[in-house]
Amino acid sequence: MKADKATVTRLLKTARGQLDGILKMVEEDRYCIDISTQLLATQAILRRVNREILKEHMKGCVKEAFASGDADEKIDEILSLLDKMEK
């Protein structure tokens, strides 16, 4: 992985903490909109982590594949991932 591990780790721990908070909110029968708002915030953090990892992947692994003339596999990987993200 080429992404900054400290940044990725910090963001993932934040998302985990938010998920723990959301579970507690559900257990306490908190207001639905409040729970949904926290879910959206957690999803935003996970999207940010994914974007960071993909950005560094493209700057590193994909760039290296293009330089070596072996880009087709990396392009297929990215296209496959984009298909998953659309679902």
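For the numbers below, each heavy atom of this structure counts, side chains included, while hydrogens, waters and symmetry mates do not.
- Partners of Lys2 according to the salt bridge (charged side-chain N to carboxylate O under 4.0 Å, His left out) rule, which considers only residues two or more places apart in sequence or in another chain, are Glu64.
- Leu39 and Leu23 end up in different hydrophobic clusters when Ile, Leu, Val, Met, Phe, Trp and Tyr side chains are linked at under 4.5 Å.
- Residue pairs that meet the salt bridge (charged side-chain N to carboxylate O under 4.0 Å, His left out) test with at least one member in residues 34-53, sequence neighbours left out, are Glu52-Lys55.
- Between the CG atom of Leu40 and the CD1 atom of Ile45 there is a distance of 11.5 Å, given to the nearest 0.5 Å.
- Within the structure, no pair that satisfies the salt bridge (charged side-chain N to carboxylate O under 4.0 Å, His left out) test touches residues 78-87, not counting sequence neighbours.
- Tyr31 belongs to a hydrophobic cluster whose other members, connected by ILVMFWY side-chain contacts under 4.5 Å either directly or through intermediates, are Ile33.
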Side-chain donor-acceptor pairs under 3.5 Å in residues 3-19, sequence neighbours left out?
from, atom 1, to, atom 2, distance (Å)
Asp4, OD2, Thr7, N, 3.0
Asp4, OD2, Thr7, OG1, 2.5
Thr9, OG1, Lys5, O, 2.7
Thr14, OG1, Arg10, O, 2.9

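- One finds the NE2 atom of His57 at 5.0 Å from the CD atom of Glu77 (value rounded to the nearest 0.5 Å).
- Checking side-chain atoms of Ser80 against main-chain N and O of Asp76 turns up no donor-acceptor pair under 3.5 Å.
- In this structure, CD1 on Ile22 lies 3.5 Å from OG1 on Thr42, to the nearest 0.5 angstrom.
- Annotation for Met58: atom CE does not count as buried by contact number, only 12 or fewer foreign heavy atoms lying within 6.0 Å.
- Linking Ile, Leu, Val, Met, Phe, Trp and Tyr whenever their side-chain heavy atoms come within less than 4.5 Å leaves Leu81 and Ile53 in two separate clusters.
- In plain terms, the two heavy atoms of Ala65 and Lys74 that are nearest each other are CB-CG, 3.4 Å.
- How far CE of Met25 is from OG of Ser36: 9.5 Å, rounded to the nearest 0.5 Å.
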